Amino acid sequence: MSQSVCILGVTGSIGQSTLKILEQHPDQYSVFAVSAYSRIDELAQICRQYQPKIAVVPADRVDQLSRHLKDLQLSHIQILSDEAGLIAVAKHPEVDVVMAAIVGAAGLLPTLSAVKAGKRVLLANKEALVMSGDIMMRAARDHHALLLPVDSEHNAIFQCLPHDYMNADAHGKPVKGVSRILLTASGGPFRQHSLQQLHEVTPQQACKHPNWSMGQKISVDSATLMNKGLELIEACHLFSIAEHFVTVVVHPESIIHSMVQYVDGSTLAQMGNPDMCTPIAHALAWPERIQTHVPALDLFAQQQLNFQEPDIVRFPALKLAREAMKAGGVAPAILNAANEVAVAAFLKEQIRFTHIAEIVEQTLNTVHNRSAEQLETILEADTQAREAAFDSIGKMRS
């Protein structure tokens, strides 16, 4: 029986990889709804090829998409707008699977809506868990949603853990023979740069990841190692594990996507070529496996794998993320909001690369931390953190 898929963020790299997998298995999956933020021309062509029933765009792009669809004789496709539209398709009764691939805090409420609707949610939006991990995981349990990680690292951990670990009540301590999670990081394009060199890097350099093809924001996060910090927080929520049981390992080749260590001395690793189609296909079909175009790993060609400790002096964002997770409350939401603002300012060349972590740290020290039990409190902290980060940027530029 074919499953209906909703892809939130269809024009991004994750959305495009998802379409590749669906195209390989037309008898098993169909595209029911799609969303995009700014690439309306691309969205129209996706609508032409995949014929979704609903497309969601910002309100100020509705007329543009409507004209495109009319020219393509696709006026039967319904257009919804803004957050309300995203929420509507995420929880739509005809949707079986939701790919949550909207970047940043904007993906939080649509993802939570999909979870509360009991969908199979393929989680590529790490910020949703960073901001509201406890709320999201509790909603998944209460509404019997299947929350499956798509990030290559978390998907690798999921594959290496015992099959029933997701339901473990660990209280922060690993269970079922697990002793530690090893979260791998490529180290980004500036792994060997000095502090002075880091101070001079440009947005163009930061967006050139050595192993992965990703959007601008996540590429910058990878370069600062904030991406790994966010993934550390995400792993703690997904796998009910305290931050001190998660070790970040720099692995430049990006062949081992993460590892799990056990009390008997075993270390299980998930390996593969760096292509997001593999974890997407795994989460889409789990517990089965489906074919992808990704070639099997050639160990003879690879020959060598390297591992290093991360340098938190040159890359303090990782330390800040770990401290935010340890502090709990809304601290991770503050961290995420400040980082989004700082990265956007860096991409506009308003601040330097090394200022990103400085602004995040200043914001964490400025905005009051408190309980994150209510979604309203989290969203309020997000707003306050953005305002504080903007203030820091303004002072830095004056």
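Remember, it's a predicted structure, so these values are computed and weren't measured experimentally.
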Is there a chain of hydrophobic side chains (I, L, V, M, F, W, Y, each step under 4.5 Å between heavy atoms) that links [X] to [Y]?
X    : Y    : value
V34  : M99  : yes
I334 : V360 : yes
L364 : L232 : yes
F32  : V57  : no
I135 : I233 : yes

Of the non-hydrogen atoms in [X] and [Y], which two are nearest, and what is the gap between them?
X    : Y    : answer
S132 : A128 : OG-O, 2.9 Å
A90  : V98  : O-CG2, 3.4 Å
S2   : D27  : CB-O, 3.9 Å
H257 : N273 : NE2-O, 3.8 Å
K208 : P189 : O-CB, 3.5 Å
Q159 : R289 : OE1-NH2, 2.9 Å

Margin query: Parallel, tilted or perpendicular, judged at 30° and 60°: which one describes the rings of H25 and Y29?
Written below: perpendicular
Notebook entry, point to check: Hey, what's the ring geometry for F346 with F353, parallel, tilted or perpendicular (30° and 60° as the breaks)?
Noted result: perpendicular
Less than 4.5 Å apart, side chain to side chain, heavy atoms only: is that true for [X] and [Y]?
X    : Y    : value
M137 : L129 : yes
P52  : C47  : yes
P310 : V250 : yes
V103 : I14  : no
L146 : V121 : no
P162 : Y262 : yes
Y165 : P174 : yes
C160 : S258 : no

Donor-acceptor contact present, side-chain [X] to main-chain [Y], <3.5 Å:
X    : Y    : answer
R180 : V260 : no
H143 : A145 : no
Q205 : T202 : yes
R322 : E243 : yes
N155 : V150 : no
H251 : N306 : yes
D298 : F300 : yes
T184 : I256 : yes
D382 : I378 : no
S30  : P26  : no

Please determine whether the number of non-hydrogen atoms from other residues, nucleotides or ligands lying under 6.0 Å from atom [atom1] of [X] exceeds 12.
X    : atom1 : result
E373 : CD    : no
Y37  : OH    : no
K217 : NZ    : yes
E323 : CD    : yes

Separation of [Y] [atom2] from [X] [atom1] (nearest 0.5 Å):
X    : Y    : atom1 : atom2 : result
I102 : S35  : CD1   : OG    : 4.5 Å
I40  : T11  : CD1   : OG1   : 7.5 Å
Y50  : L19  : OH    : CG    : 4.5 Å
D151 : I280 : CG    : CD1   : 10.0 Å
I255 : L305 : CD1   : CG    : 7.0 Å
R314 : Q192 : CZ    : CD    : 8.5 Å

Note to self: Tell me which pairs pass side-chain hydrogen bond (donor to acceptor under 3.5 Å, both in side chains) where either residue lies in residues 340-356, with sequence neighbours left out.
What the structure shows: H199-R352, H199-T354, E200-R352, N336-E340, E340-R386
Check: Which residue pairs pass the side-chain hydrogen bond (donor to acceptor under 3.5 Å, both in side chains) test when at least one of the two sits in residues 96-118, sequence neighbours left out?
Finding: none
Can you tell me if [X] and [Y] form a side-chain donor-acceptor pair at under 3.5 Å?
X    : Y    : answer
E231 : N227 : yes
S392 : Q362 : yes
Q45  : R48  : yes

Item checked: Stepwise side chain to side chain contact (heavy atoms under 4.5 Å, CB included) check, L65 with R61 -> CA-CA 6 Å; L65 179 60; R61 307 289 171 90; 5.9 Å; no
Next item on the list: In sequence, state the C-alpha distance, the side-chain angles, and the governing distance for D164 and K176, and then conclude on side chain to side chain contact (heavy atoms under 4.5 Å, CB included).
Entry: CA-CA 9 Å; D164 56 351; K176 296 188 180 294; 3.3 Å; yes
Note to self: Taking R191 first and then D311, would you say they form a salt bridge - that is, a charged N and a carboxylate O separated by under 4.0 Å?
What the structure shows: no
Notebook entry, point to check: After noting the C-alpha distance and the side-chain angles of I54 and H92, does the key distance pass the side chain to side chain contact (heavy atoms under 4.5 Å, CB included) rule?
Noted result: CA-CA 10 Å; I54 305 174; H92 197 287; 4.0 Å; yes
Check: What do the steps show when you test F158 against Q270 for side chain to side chain contact (heavy atoms under 4.5 Å, CB included), and what is the final call?
Finding: CA-CA 9 Å; F158 179 57; Q270 189 269 335; over 6 Å; no
